[in-house]
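The model shown is predicted, which means the values in this text are computed figures rather than measured ones.
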Amino acid sequence: MTVVVEQIVTPRVREFLAGTKQLYIDGEFVDAVSGRTFVTLDPATGEHLADVAHGESADIDRAVRAARRAFEPWAAVKPNERERLIWRVGDLLTERAAEFGQLESLDNGKSAAVASSVDTAWAADVFRYYAGWATKIEGSTVNVSMPFAPVGEFHAYTLREPVGVCGLIVPWNFPLLMAARKLAPALAAGNTVILKPAEQTPLTAIMLAEVFEEAGFPPGVVNIVPGFGEAGAALAAHDDVDKIAFTGSAEVGRKIVDAAKGNLKRVSLELGGKSPSIVFADADFDAAVQGSLNAWLFNHGQCCVGGTRLYVEDSIFERFTEAIADAASYVRLGPGLDPTAEIGPLVSQEQLDRVTGYLDDGLCNGARALTGGKRWGERGYFVEPTVLVDVKPEFSVVREETFGPVVAAMSFNADEGIVTAANDSIYGLAAGIWTRDISKAHRTARRLKAGSVWINQYNGFDTAMPFGGYKQSGWGRELGASGIDAFTQTKAVNVAL
Ligand code: NAP
Ligand code: MG
């Protein structure tokens, strides 16, 4: 830790960072079987932040065995007791939001204020929302006709039961929040879990283990095993895991599907996106500038839903892109712990190289940066907020997920329509529409191939709204009632009376 960081962080965070962070298996903090550790870095400086036990397949195996032992007893815990425990996690997160925010900021690079008021606050909300679901998971009675058994009376009903032992694999862009979105419904439905956080950002998951401990969860119900892709792969291939819930890249999603084939475990996938943000000429100009800026710049562009293809109606294209470039040029960069910084560094050297690679490729092929266009500073992994124009649909920066503070702006003609261009992607995660014409807004929303459509706003998430992707953006839905569906299975019972 640098001297400045040491002055800012709370004593509890400082203390947390001091020792080697261990795995959490069967209700205990333990070293990896191999005794190995790895280092997590502060992306604002590239310096050492903490040492973390390096979970591998032997540790995954231990965790799966613990989760299996814990499963039947946990599934049998009364729903209102599960509710109380999960609710307590939400309350503890709220109490410790400043700490979680600082830790997430140090590990990931995002603003500490945002990490506490958005990431941690929403994670707490997710735990409370699904705490409420624990007592509301119901089957139904079915009014059967039994055409092949004309005689007799029958009582038929369904039960909604947990899937079993679930592996939860999450990425680095919203480490705590992504974990919460899987943990909370899985636990509410009576499953036991093994969480594998991303190698770049393992810390808040480990701090969350303290919260589960304090809340009073029985041993083995929640296991947390930081490690690299190999640990995730071991979880996905494990014969005693019943389900994998994954958020990450489409590339790794495919590997998970392959690995899951052995025991045909259930798989749900929240993958990437390349989402269009569509601005019609009749939109509220200033609101659309601010909103579509937020669409690609929030979390420094490290959002799966990022509105990184900006389509603006030709009659306002020049004025609009200049306004958005102007707004972007005033955005202050800095470390996440700097309260005046609006956006922070990318998470790693690898992401810095990847994002500047997309920029260089676009610029070499004739794109023009209205603002930004390169790395910012020499320390840490910062990239200037960048608005690219003169881009062609075949450019990599238009087709691939950039995962950085970069938008590709293109114009469209209203008579020719925008839906075909907007849907021209292998992904279908989200889309934004900006117009004052309510019919046009709804008509366009219906024709877009995207799991979430936001009208006159962007990133309009809510815990009660289902979230997930069309096309190669994923399988299944998280959040809302869909989150419970993803972690339950239905049993049909039919009784001859
Ligand atoms: P990633 O490389 O796919 O990694 C995601 C997680 O999978 C990490 O924990 C990773 O571990 C693990 N992993 C790596 N190889 C694995 C394997 N063979 N088997 C099982 N697990 C494996 O994704 P990322 O680069 O961390 O995150 C960015 C991606 O996530 C983007 O594509 C983004 O769009 C997507 N994302 C989607 C959503 C959504 O809800 N749809 C939300 C956020 C992010 P290591 O960290 O050790 O490699
Ligand atoms: Mg880190």
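The environment of CE in Met146 is crowded: more than 12 heavy-atom neighbours from other residues, nucleotides or ligands sit within 6.0 Å. For Asn80, the CG atom sits in a packed shell: over 12 heavy atoms of surrounding residues, nucleotides or ligands are nearer than 6.0 Å. Atom CH2 of Trp87 has 12 or fewer neighbouring heavy atoms from other residues, nucleotides or ligands inside a 6.0 Å radius. No more than 12 heavy atoms of other residues, nucleotides or ligands shown are found within 6.0 angstrom of CD on Glu28. With a 6.0 Å radius and a threshold of 12 heavy atoms from other residues, nucleotides or ligands, Glu394 has its CD atom above the threshold. Within 6.0 Å of the CZ atom in Arg68, the count of heavy atoms belonging to other residues, nucleotides or ligands exceeds 12. Counted within 6.0 Å of CD on Glu350, heavy atoms from surrounding residues, nucleotides or ligands total 12 or fewer; the atom is thus considered open. For Lys136, the NZ atom counts as densely surrounded, since its 6.0 Å shell holds more than 12 non-hydrogen atoms of other residues, nucleotides or ligands.
Contact check for Tyr130 versus Ile484: side-chain heavy atoms found under the 4.5 Å cut-off. Proximity of Cys166 to Phe487: side-chain heavy atoms (C-beta onward) are separated by under 4.5 Å at one or more points. The shortest side-chain heavy-atom distance between Glu56 and Val33 does not fall under the 4.5 Å cut-off. Two residues are said to be in side-chain contact when any heavy atoms from C-beta on lie closer than 4.5 Å; Leu93 and Leu176 meet this criterion. Leu479 places none of its side-chain heavy atoms less than 4.5 Å from the side chain of Tyr129. Counting heavy atoms from C-beta outward, Arg181 and Trp122 have side chains that approach closer than 4.5 Å. Taking 4.5 Å as the limit, some side-chain heavy atom of Phe467 sits within range of a side-chain heavy atom of Ser452. Residues Val9 and Leu17 have side chains not in contact (no heavy-atom distance under 4.5 Å, counting atoms from C-beta outward).
Aromatic ring pairs are classed by plane angle as parallel below 30°, tilted from 30° to 60° and perpendicular above 60°; the pair Phe298 and Phe174 is parallel. Classification of the Phe38-His54 ring pair by plane angle, with boundaries at 30° and 60°, yields perpendicular.
Residues in residues 120-131 take part in these salt bridge (charged side-chain N to carboxylate O under 4.0 Å, His left out) pairs, two or more places apart or across chains: Asp91-Arg128. Listed by first and then second residue, the salt bridge (charged side-chain N to carboxylate O under 4.0 Å, His left out) pairs involving residues 422-431 are Arg399-Asp424 (not counting sequence neighbours).
Judged purely by distance below 3.5 Å, without hydrogens or angles, the side chains of Asp51 and Thr37 never pair a donor atom with an acceptor atom. Judged by distance alone, the side chains of Thr40 and Lys21 never bring a donor and an acceptor atom under 3.5 Å apart. Judged purely by distance below 3.5 Å, without hydrogens or angles, the side chains of Glu400 and Tyr358 pair a donor atom with an acceptor atom. Ser473 and Lys274 form no side-chain donor-acceptor contact under 3.5 Å, judged by distance and modelled atom types alone. In summary, the side chains of Lys265 and Asn263 do present a donor paired with an acceptor at a separation below 3.5 Å, with no hydrogens or angles considered. Neither side chain, Glu104 nor Thr120, offers a donor N or O lying under 3.5 Å from an acceptor on the other.
In terms of heavy-atom proximity, His300 sits nearest to Pro345 at CD2-O, 3.1 Å. Of all the heavy atoms in Gly46 and Leu41, the pair that sits closest is O-CD2, 3.8 Å. Annotation for Leu352 and Phe382: closest pair CD1-O, 3.7 Å, computed over non-hydrogen atoms. The nearest pair of heavy atoms linking Ile137 to Ala189 is CD1-CA, 3.7 Å. Closest heavy-atom contact between Asp361 and Ser396: OD2-OG, 2.8 Å. When all heavy atoms are compared, the tightest approach of Asn191 to Leu187 is O-CD2, 3.6 Å.
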Checking side-chain contact (heavy atoms from CB on, under 4.5 Å) for the pair Ile194/Val64: CA distance, chi angles, key distance, verdict? CA-CA 7 Å; Ile194 300 100; Val64 171; 3.9 Å; yes
Would Val383 and Leu359 satisfy side-chain contact (heavy atoms from CB on, under 4.5 Å), going step by step from the backbone distance to the final call? CA-CA 10 Å; Val383 170; Leu359 287 178; 4.1 Å; yes
Between Phe217 and Val89, is the side-chain contact (heavy atoms from CB on, under 4.5 Å) condition met? List the steps. CA-CA 10 Å; Phe217 276 74; Val89 173; 3.6 Å; yes
Could you go through Thr386 and Val355, starting from their C-alpha distance and side-chain angles, then the distance that decides it, and tell me whether this counts as side-chain contact (heavy atoms from CB on, under 4.5 Å)? CA-CA 11 Å; Thr386 300; Val355 173; over 6 Å; no
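When each of Val193, Asp242, Thr192 is paired with Phe71, the side chain to side chain contact (heavy atoms under 4.5 Å, CB included) condition holds for Thr192 and for no other.
In this structure, Tyr427 contributes its side chain and Gly469 its backbone to no donor-acceptor pair below 3.5 Å. Looking only at distances, no side-chain donor or acceptor of Asp26 sits under 3.5 Å from a matching main-chain atom of Ala66. A donor-acceptor distance shorter than 3.5 angstrom exists from the side chain of Lys243 to the backbone of Ala486, with no hydrogens or angles considered.
Less than 6.0 angstrom separates the ring centroid of Trp454 from the ring centroid of Phe461.
The structure places CG of Leu235 at 8.5 Å from CD1 of Ile256, a figure rounded to the nearest 0.5 Å. In this structure, CZ in Arg309 is found 7.5 Å from OG in Ser275, a value given to the nearest 0.5 Å.
With sequence neighbours excluded, the residues forming a side chain to side chain donor-acceptor pair (under 3.5 Å) with Asn299 are Lys110, listed by chain and number.
Using a 4.0 Å cut-off between a side-chain N of Lys or Arg and a carboxylate O of Asp or Glu, Glu15 and Arg12 do not qualify as a salt bridge.
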